[in-house]
Amino acid sequence: MTTKNRTVGVELTTSNVDLYTVPANYESTIKSIYINNASTSKVTFSLDWYDSQNTTYYTLAETVELPANSLLQITDSLYLYKADKFRGLASANSAVTVVFNVEETFIGTRT
């Protein structure tokens with residue numbers, strides 16, 4: 001199995017947007033997530049995980065407050081299957097950045 005490590009970063013907006021999607025024929029381990037508020041004001045963010053096998057969104061964080069100029073780090077691993085994804089939004093545009101540390105493993109055509 002081929003494995004590659006990636007860092008994926010996305011700036012949140014006030015609309016739900018896809019932040020990271022597991023590529024076709026891959027499984028992913030999210031090793032850590034960094035959520036940064038670079039603004040001088042308090043903001044909120046929300047994150048959802050989409051389980052492609054169940055076609056269901058699960059809320060991971062809902063309107064969580066981030067103090068001004070702060071960083072939140074999640075270090076528990078999450079295991080995702082092909083087409084699973086994260087989406088998110090913030091209470092202010094251009095304030096919150098989400099960065100994923102991802103390990104992607106090629107699984108071929110396994111179902």
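Bear in mind that the values here come from a model prediction, so they are computed numbers and not experimental data.
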[atom1]/[X] to [atom2]/[Y] distance, rounded to the nearest 0.5 angstrom?
X	Y	atom1	atom2	answer
Phe86	Phe100	CZ	CZ	5.5 Å
Thr75	Asn101	OG1	CG	11.0 Å
Glu27	Thr105	CD	OG1	7.0 Å
Asp48	Asn16	CG	CG	6.0 Å

Are the side chains of [X] and [Y] in touch, meaning some heavy atoms are under 4.5 Å apart?
X	Y	result
Tyr79	Ile30	no
Asp51	Tyr58	yes
Val22	Val102	no
Ile35	Leu66	yes
Val43	Phe45	no
Thr7	Val99	yes

Can you list every pair that meets salt bridge (charged side-chain N to carboxylate O under 4.0 Å, His left out) and has a residue in [range], with sequence neighbours left out?
range	result
residues 88-99	none
residues 92-108	Lys4-Glu104, Arg6-Glu104, Lys31-Glu103
residues 70-81	none

| task | Please report the shortest heavy-atom distance between Val96 and Ala90, naming the atom on each side. | result | CG2-CB, 3.9 Å
| Got a sec, which residues hit side chain to side chain contact (heavy atoms under 4.5 Å, CB included) with Ala68, two or more places apart in sequence or on another chain? | none
| Considering residues at least two apart in sequence or located in another chain, which fulfil the side chain to side chain contact (heavy atoms under 4.5 Å, CB included) criterion with Thr55? | Tyr50
Would you check if the side chain of [X] reaches a backbone N or O of [Y] as a donor-acceptor pair within less than 3.5 Å?
X	Y	answer
Thr56	Asn54	yes
Ser91	Thr44	yes
Asp84	Tyr81	yes
Ser52	Lys82	yes
Thr59	Ala61	no
Asn93	Thr14	yes

| field | Carboxylate-amine/guanidinium contact Asp18 Arg87, below 4.0 Å | value |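 No, this pair does not count.
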| Of Leu12, Leu89, Val8, the residue whose pairing with Leu19 passes side chain to side chain contact (heavy atoms under 4.5 Å, CB included) | Leu12
| query | Got a sec, which pairs hit side chain to side chain donor-acceptor pair (under 3.5 Å) with one end in residues 61-73, sequence neighbours left out? | reply | Tyr34-Gln73
| said: With a 4.5 Å cut-off on side-chain heavy-atom distances among I, L, V, M, F, W and Y, is there a chain of contacts connecting Leu78 to Leu47? | reply: yes
| request: Report the C-alpha separation of Val98 and Ile33 in whole Å, then their side-chain angles, then the decisive distance to 0.1 Å, and conclude whether the side chain to side chain contact (heavy atoms under 4.5 Å, CB included) test is met. | output: CA-CA 7 Å; Val98 179; Ile33 304 172; 3.8 Å; yes
| field | Geometric class of the Phe106/Tyr26 ring pair [parallel <30°, tilted 30-60°, perpendicular >60°] | value | perpendicular
